[in-house]
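Have a look at the structure below, then the notes.
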Amino acid sequence: NEVIYSIYGSQDAAFLALQDGEIDYVFSPLGLSQGLRNTVQDTPGLNIAENDQNGFRYMAFNTRVTPMNDVAFRQAVATVVDQGFITQTILGGAALPVYSMVPPGNGFWHNPDVTRWGFDDEGNPLDRQARFEAAKQILVDAGYSWDGEEPVWDEDSLQVARGGTLVTPDGTVVEELQLLAPNAGYDPLRATSAIWVEEFTNDLGIPVVAELVPFSAIVPVAFAEGEEAVNWDMYILGWGLGGVYPDFMDNFFHTRNDSAEGGFNTPGYSNPEFDAVTDEFLAATDIEEAQSLAFQMQEILANDVPYVLLFTNPIYDVYRENVEFPYTEVLDGIQGFNGLIGGVRVFE
């Protein structure tokens, strides 16, 4: 007869309420930490539905300002940030690395063969030393230098011996760069990722500082319009993509959709080649042609790196045994369809 939505300040509080029987279902697209998942699995009376997510978490560059406006700088950062290490070692498998703009769960439109920074020619992931050295070489080849000693890999400590601050090709020392990310209370996966992005980039002499803040503090900064659009450096957020047709790439990256003018292209990314392919994609009337164009769009974005894609995570919908959904196997999970409230039944 009715649905009551209770708002909780953290995942922990929401799942505690579920365990205590105060609520019947947790409506959340954030995924579960390993600890919460173990707790839920060990709690009698709770069910879990696992599905592929139609979305991803990402780090955006503000390409309107230096040095984020340089594709070589973005490629170097993408090379040194090890998504596999973050997701598998640090997050304990709670998330999966993602490299293409269309998530793997959206199989027909997903291009699995895009450029992967930090991988060798055979498609094998590089270790931390090799990633650092490859990223450093990208910067050197593009004319970057360091204000003082160059960072080098220390064979004795098996880590980077950090040097001076990065200097742009025109001789400007890179000033402190702010990385905004949601705090651990909102999303521990993104908060942890931000801390490791800070670690990896500082190895290269890039003075990134991760600032973990409430989600509501990031969105107005990232989507600021007009002159305010230059007042950020990098941020970590995520997208839930809704439908399976990947026209979101037009919304997120076409020049005409710059967020400074009210669109969703927060990086201010602009590439005439990408715009042309996107326009052709939107006009396509043949599904195979559209798929080919979508693959091209993903490859251009993977090379230009307006986003460093971080991870996607399985969607775990958790609900009490007295809840019956019309179906539970669906791309983006039950939460992706607003909890299926039109067909759900709740029993006493």
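For the numbers below, each heavy atom of this structure counts, side chains included, while hydrogens, waters and symmetry mates do not.
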Salt bridge Arg131-Asp82, side-chain N to carboxylate O under 4.0 Å: yes

No-hydrogen, no-angle side-chain donor-acceptor test under 3.5 Å, Asp304 and Tyr269: yes

Flag side-chain contact, heavy atom, 4.5 Å: Asp24 against Tyr319: no

Arg64 and Asp258 ion-paired at < 4.0 Å: yes

Gap separating the CD atom of Glu198 from the CD atom of Glu211, nearest 0.5 angstrom: 9.5 Å

Exercise: identify the closest heavy-atom pair between Pro97 and Thr87: CD-OG1, 3.3 Å

Criterion ring-ring contact (aromatic ring centres under 6.0 Å, His included) on Phe252 and Tyr58, from CA distance to verdict: CA-CA 12 Å; Phe252 294 169; Tyr58 67 95; 7.7 Å; no

side-chain contact (heavy atoms from CB on, under 4.5 Å) between Val102 and Phe248, intermediate numbers included: CA-CA 9 Å; Val102 177; Phe248 64 85; 4.0 Å; yes

Pair Arg320 + Glu22, salt bridge at N-O below 4.0 Å: no

Side-chain donor-acceptor pair present, Tyr144, Asp70, cut-off under 3.5 Å: yes

Partners meeting side chain to side chain contact (heavy atoms under 4.5 Å, CB included) with Asp332 (sequence neighbours left out): Gln53, Asn54, Ile315, Gln335

Listed partners of Asn231 passing side chain to side chain contact (heavy atoms under 4.5 Å, CB included), at least two apart: Glu228

Crowding at CD, Glu149 (>12 non-hydrogen neighbours, <6.0 Å): no

Salt-bridge criterion met for Lys136 and Asp203 (N-O under 4.0 Å): no

Residues that Phe200 engages under ring pair (Phe, Tyr, Trp, His ring centres under 6.0 Å), provided they are two or more places apart: Trp196

Donor-acceptor side-chain pairing of Thr278 and Asp275 below 3.5 angstrom: no

Spacing of Trp117 atom CH2 and Leu309 atom CG [to the nearest 0.5 Å]: 13.5 Å

